[in-house]
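Atoms within each ligand, like the ligands themselves, are counted from 1 in listed order.
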Amino acid sequence: MTGGRERVLSGMRPTGNLHLGNHLGALDNWVRLQDTYDCFFFVANWHALTTGPERVHEVPRHTIEMLADWLGAGLDPDRSTLFVQSWLPAHAELHLLFSMITPVAWLERVPTYKEMVEQLGIASPSYGLLGYPLLQAADILMYKAQWVPVGADQVPHVELTREVARRFNNEFGPVFPEPQAKLTEIPKVPGTDGRKMSKSYDNAIYLSDSAETLRAKIRPMVTDPARKRRTDAGNPDVCPVFDLHRIFTPEADRAWAATGCRTAGIGCLDCKDVLLRHMEPALGPIRERRQTYVEKPDLIVDILRAGTGRARAVSEATMAEVHRVVTLTP
Ligand code: TRP
Ligand code: SF4
């Protein structure tokens with residue numbers, strides 16, 4: 001299975017359907033990594049509780065939906081190990097051991113912590129939220145992953161993971177290799193209002209959206225604001241629709257759209273219809289495969305159980321090493 005390949009590990013919190021930004025920013029990259037690496041991808045469901053413990057009842061449904069997105073996009077359970085964090089309590093044990101060697105100050109200065117507290121206006125941040133990146137360190141080090149594909153915002157978490165690995169190895173004995181973040185080039189993915197695509201802005205296009213919904217979202221999409229009338233020339237470089245052309249539309253049609261825009265030779269709806277014609281062949285097959293899985297939640301659970309079994313074997317081997325150096329009992 002491994003075949004001497006380097007290991008990649010990453011996870012996502014189950015917060016609902018994945019949108020195009022999630023797909024192009026992470027998932028699509030995971031799918032490609034499967035060709036080269038021994039991949040472990042997991043559902044970070046404990047992490048989902050760090051910001052919204054009151055929404056715990058949504059986690060199971062969101063897990064099924066997220067897995068349908070993963071499998072629809074092409075994650076292959078025969079090649080990658082797909083698993084659930086909370087089914088492996090060893091993650092919690094390792095997190096606890098790490099908490100004994102991690103200064104609170106390291107966690108307090110992690111940028112995502114400060115941002116979450118400020119942005120979400122959390123008056124009294126939980127211990128779990130402060131420990132978020134430390135649990136992430138346990139997720140990563142448990143599998144001795146060399147590579148962690150994440151967005152730029154998560155790089156400090158991988159840095160912290162490296163510091164924790166060093167400190168553990170010094171304190172107790174050499175168990176953990178230091179992982180590296182694997183940054184991918186992420187295209188600019190605008191939402192339908194021109195801002196960055198985000199669930200909380202209500203501007204997202206979901207992998208689960210039907211062809212009709214996709215059309216209904218693209219046709220009224222915000223364009224170059226200078227192009228008020230059909231006869232006004234536009235500038236594709238400031239148009240969010242054109243950002244999507246850059247992702248989906250082949251060179252020839254893209255040049256046609258850019259020229260037509262600059263000369264007022266085409267209307268925005270003409271431009272959007274061409275975009276839709278190129279989005280559909282990319283997204284249609286994902287949507288269809290996704291749908292077959294959504295209809296079989298039991299199959300998804302079976303896939304996760306099998307993957308968790310494989311992950312468990314690796315986690316047990318790591319914990320045996322940990323127990324050998326952190327000797328707590330006679
Ligand atoms: N923090 C990650 C995110 O929000 C999710 C995550 C949890 C993760 N544990 C991880 C990612 C371990 C990579 C490795 O996207
Ligand atoms: Fe944007 Fe296309 Fe309209 Fe130009 S023609 S403003 S690129 S939607």
List ligand 2 atoms under 4.0 Å from Asp224, heavy atoms only on the residue side.
6 (S)
In terms of ring plane angle, is the pair [X] and [Y] parallel, tilted or perpendicular, where the classes change at 30° and 60°?
X	Y	answer
Phe83	Phe40	perpendicular
His47	Tyr132	tilted
Phe42	His91	tilted

Starting at CZ of Arg79, measure out to CD of Gln34 and round the result to the nearest 0.5 Å.
4.5 Å
What protein heavy atom lies closest to [atom]? Include the residue and the distance to one decimal.
atom	result
atom 2 (C) of ligand 1	Gln154 OE1, 3.3 Å
atom 2 (Fe) of ligand 2	Cys271 SG, 2.3 Å
atom 12 (C) of ligand 1	Gln136 CG, 3.4 Å
atom 5 (S) of ligand 2	Arg227 NH1, 3.1 Å
atom 9 (N) of ligand 1	Asp139 OD2, 2.8 Å
atom 8 (S) of ligand 2	Thr223 CG2, 3.6 Å
atom 5 (C) of ligand 1	Gly11 O, 3.5 Å
atom 3 (C) of ligand 1	Tyr132 OH, 3.7 Å

Residues [X] and [Y] bridged, charged N to O under 4.0 Å:
X	Y	answer
Lys182	Glu6	no
Asp202	Arg195	no
Asp237	Arg262	yes
Asp38	Arg7	yes

Does an N or O from His157, backbone or side chain, lie closer than 3.5 Å to an N or O of ligand 1?
no
Is any N or O atom of Ser10, backbone or side chain, closer than 3.5 Å to an N or O atom of ligand 1?
no
Within the stated cut-off of 2.8 Å, is an N/O/S atom of Cys261 closer than that to atom 1 (Fe) of ligand 2?
no
Measuring centre to centre across the rings, with the benzene-like ring taken for any Trp, is Tyr113 within less than 6.0 Å of His157?
no
Centres of the Phe176 and Phe98 rings: under 6.0 Å?
yes
[X] neighbourhood, listing ligand 1 atoms whose heavy-atom distance to it stays under 4.0 Å:
X	answer
Val148	13 (C), 14 (C)
Leu9	12 (C), 14 (C)
His47	7 (C), 9 (N)
Arg13	4 (O)
Ile140	12 (C), 14 (C)

Between Cys239, Cys268, Pro240, flag the one that comes closest to atom 3 (Fe) of ligand 2 by a heavy atom.
Cys268
Can you list everything that forms a side-chain contact (heavy atoms from CB on, under 4.5 Å) with Pro250? Sequence neighbours excluded, please.
His278
Which bit of Leu135 is near ligand 1, meaning a heavy atom under 4.0 Å away: side chain, backbone, both or neither?
neither
